[in-house]
Protein chains: 2
Amino acid sequence: MRMSATEEYGLRCLLVLARQGTEGQMSVSDIAEAEGISVPYASKLLAIMRQAGLVTAVRGRKGGFRIRREPSEINLLEVITKLGGPLLDPDHCAKRTGQLEQCIHTDNCSVHDILGSLAGKIAGFLAGTTLNDLIEKERLMVLPRVGSDQSDAKQIQG
Amino acid sequence: MRMSATEEYGLRCLLVLARQGTEGQMSVSDIAEAEGISVPYASKLLAIMRQAGLVTAVRGRKGGFRIRREPSEINLLEVITKLGGPLLDPDHCAKRTGQLEQCIHTDNCSVHDILGSLAGKIAGFLAGTTLNDLIEKERLMVLPRVGSDQSDAKQIQG
DNA sequence: ATAATACTTTACATTTTTGTAAGGTATTTG
DNA sequence: CAAATACCTTACAAAAATGTAAAGTATTAT
């Protein structure tokens with residue numbers, strides 16, 4: 001019940017691009033360096049996000065990646081599910097069958113039911129947080145109360 | 001961001017015992033059969049839960065497993081974390097460092113921050129559901145409106 | 001006592017996930 | 001047009017999770 005490596009590193013790479021805005025652009029090697037991961041790994045994660053429509057790739061000498069939409073318009077649910085698949089595997093019941101052909105709890109599965117409810121809760125939370133929220137939060141963490149008091153600063157979650 | 005196999009099958013085995021109550025008892029082979037998994041696998045999962053104090057093992061010829069507390073007194077957070085570890089890995093930041101010695105976002109990690117919030121939400125949800133809730137829900141699924149109308153039956157979650 | 005039953009432990013095989021490597025394709029600059 | 005740069009794709013290696021096997025220990029019934 002944890003965030004996978006793909007999901008986390010993918011999100012982190014996307015955040016690097018989000019900080020540049022939709023007009024900005026960065027090469028894979030710069031992104032990899034920014035996150036402390038290898039270039040091939042960053043490359044792989046960005047390829048997934050490109051195919052998912054989250055980022056655009058520009059090839060050639062002045063190439064690089066850029067984020068496709070405003071960070072305030074991209075929520076975490078979209079990012080996480082595009083990197084790691086849906087929160088509740090669509091053929092969950094076909095996979096968790098143990099040694100049997102079919103799961104023993106076909107018409108009677110409170111576990112599956114509760115997983116659905118849980119997935120809904122998680123989805124709601126993730127959908128309510130955008131990349132921009134994360135970036136804003138970062139700023140507050142780096143610069144705790146610069147200048148005047150910032151107690152009125154936007155709170156990400158309660 | 002999904003429930004692991006260990007967590008799910010472990011929970012399912014525990015539910016089998018929960019249905020018997022604290023006085024009941026079942027052998028590993030019966031539990032394995034009830035869930036459609038192999039005996040050695042069920043054995044392994046039950047051993048984890050025994051060490052975690054969720055079940056008691058009785059050895060010898062009339063041996064078996066029994067649940068240690070009332071199903072209404074065991075919530076899913078406890079079960080899931082004892083099977084799969086804490087929702088947010090305590091040394092998360094020490095592991096997701098990419099190729100670096102230390103994570104690049106040490107003092108500045110909005111991702112970690114949001115993971116903490118998310119883990120809290122998930123924990124709250126899981127803590128609010130007991131094994132008994134799941135069993136009750138099952139009954140309603142097997143016997144939809146037996147006898148008179150049951151629209152006033154207990155709802156597990158909204 | 002002894003055999004049968006059932007939990008216990010350790011080791012290992014398999015599968016999935018994670019991360020790396022290498023060769024290919026496209027674009028820009030001189 | 002050629003060389004440099006940067007993305008793209010496929011295949012593969014390493015690590016972790018999943019599931020199996022086998023030999024050991026404890027208890028009960030005969």
Side-chain angles (χ1 to χ4, degrees), chain A residues 1-13 16-17 25-33 35-52 54-68 80 83-85 89 91-92 95-100, chain B residues 1-13 16-17 25-33 35-52 54-68 80 83-85 89 91-92 95-100:
Chain A
M1 204 84 224
R2 306 227 185 95
M3 181 173 276
S4 75
T6 301
E7 287 163 352
E8 172 162 353
Y9 287 124
L11 170 60
R12 280 164 56 172
C13 288
V16 172
L17 289 175
Q25 184 174 307
M26 279 181 88
S27 68
V28 173
S29 44
D30 287 342
I31 296 169
E33 189 179 15
E35 285 305 317
I37 64 177
S38 74
V39 172
Y41 192 21
S43 192
K44 183 179 198 165
L45 297 170
L46 286 161
I48 294 171
M49 292 194 282
R50 181 185 59 76
Q51 289 169 0
L54 287 170
V55 300
T56 309
V58 178
R59 294 173 75 148
R61 183 145 178 190
K62 284 253 175 178
F65 283 90
R66 65 182 56 173
I67 198 164
R68 246 185 136 187
I80 296 298
L83 283 163
D89 191 333
D91 40 85
H92 173 89
K95 288 179 180 170
R96 298 277 165 90
T97 64
Q99 306 179 309
L100 306 177
Chain B
M1 204 83 225
R2 306 226 185 96
M3 181 174 277
S4 74
T6 301
E7 287 162 353
E8 173 161 352
Y9 287 124
L11 170 61
R12 281 165 54 173
C13 288
V16 172
L17 290 175
Q25 183 174 307
M26 278 182 88
S27 69
V28 173
S29 44
D30 287 342
I31 297 169
E33 188 179 15
E35 285 305 317
I37 64 179
S38 73
V39 172
Y41 191 23
S43 192
K44 183 179 196 166
L45 297 169
L46 287 160
I48 295 172
M49 293 193 284
R50 182 185 57 77
Q51 288 169 2
L54 286 170
V55 300
T56 309
V58 177
R59 294 173 76 150
R61 182 143 180 193
K62 284 252 174 175
F65 283 89
R66 64 181 58 172
I67 196 162
R68 245 185 137 189
I80 297 296
L83 284 163
D89 191 335
D91 41 84
H92 173 89
K95 287 179 181 171
R96 296 278 164 91
T97 64
Q99 305 178 310
L100 306 177

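First the proteins, then the strands, lettered A, B, ... as listed; each starts at 1. Values below: every heavy atom of this structure, side chains too, minus hydrogens, waters and symmetry copies. The structure displayed is predicted, hence computed values, not measured ones.
Here the options are A/I31, A/I37, A/V28, the test is side-chain contact (heavy atoms from CB on, under 4.5 Å), and the partner is A/S43; only A/V28 passes.
A/K95 has its NZ atom 13 Å from the C1' atom of C/dT15, to the nearest Å. For the pair A/Y9 OH and C/dT20 P, the computed distance is 10 Å after rounding to whole Å. In this structure, CD of A/E8 is placed 17 Å from P of C/dT17, rounded to the nearest angstrom. A straight line from CZ of A/R96 to P of C/dT16 spans 12 Å, rounded to a whole angstrom. Nucleotide C/dT18 holds its C1' atom 16 Å from the CE atom of A/M3, rounded to whole Å. Atom pair A/R50:CZ and C/dA26:P shows a separation of 13 Å (rounding to whole Å applied). In this structure, the CD atom of B/E33 is 16 Å from the C1' atom of C/dA6, given to the nearest Å. The NZ-C1' distance, from B/K44 to C/dT14, rounds to 12 Å in whole Å.
Residue A/Q99 is classed as a sugar-phosphate contact, given heavy-atom separations below 4.0 Å to backbone atoms only. B/A47 comes within 4.0 angstrom of nothing in the nucleic acid, heavy atoms only. B/S29 comes within 4.0 angstrom of no nucleic acid atom, judged by non-hydrogen atoms across all strands.
Under 3.5 Å, the side chain of B/R59 and the base of C/dT5 form no donor-acceptor pair of N or O atoms.
Put simply, chain A comes within 4.0 Å of DNA chain D, heavy atom to any atom, from D/dA4 to D/dT20, going 5' to 3'.
A/L54 has its side chain out of reach of A/I67: every pair of non-hydrogen atoms, C-beta onward, lies at least 4.5 Å apart. You'll find the side chain of A/M3 reaches within 4.5 Å of the side chain of A/I80, heavy atoms only.
The number of heavy atoms from other shown groups lying within 6.0 Å of CD (A/Q25) is above 12. Within a 6.0 Å sphere centred on CZ of B/R2, other residues, nucleotides and ligands contribute more than 12 heavy atoms. For B/R66, the CZ atom counts as densely surrounded, since its 6.0 Å shell holds more than 12 non-hydrogen atoms of other residues, nucleotides or ligands.
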Working for side-chain contact (heavy atoms from CB on, under 4.5 Å), residues B/M49 and B/L46: CA-CA 5 Å; B/M49 293 193 284; B/L46 287 160; 4.0 Å; yes
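Take the nearest nucleotide of DNA chain D for A/Q51 and for B/I37: the residue whose nucleotide is more 5' is A/Q51. Of the two residues near DNA chain C, B/R61 and B/R2, the one whose nearest nucleotide lies more 5' is B/R61.
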